[in-house]
Amino acid sequence: MLPRPWVSKSSLALGCCCAALAAIWLWVLPAIGNRESLRRQIEFNRARGLNADAMFYTELEAMPAIRREMTTLLQDHPDAFWRVSGSSDGPPVNDR
């Protein structure tokens, strides 16, 4: 029986995938984030209270105003959005 090589094909593939992800995370994404067009968009969103670092959209300072606006929209136009059948949240399902 031949001895197994120290590095198997699967561990080599895993190492290549990890290296690719690290390169994207540490080099490609920061380079994209430093582009002027993206910087303008980030500042545009921050000026409106949208924080890209928020874990959940409910953590955003702008969320209460957005929820009020959506509630008003749904009251004025109950068929504007669909929802999953059986859900008790929101207006009745429009089964056309």
Atom pairs and distances, side-chain donor-acceptor, residues 14-39, under 3.5 Å, sequence neighbours left out:
residue: Asn34; atom: OD1; partner: Arg39; partner atom: NH2; Å: 3.0
residue: Asn34; atom: ND2; partner: Pro30; partner atom: O; Å: 3.2

Side chain to side chain contact (heavy atoms under 4.5 Å, CB included) with Asp76: which of Leu74, Leu73, Thr72? Thr72
Are any of the side-chain nitrogens in Arg40 or Glu43 under 4.0 Å away from the carboxylate oxygens of its partner? no
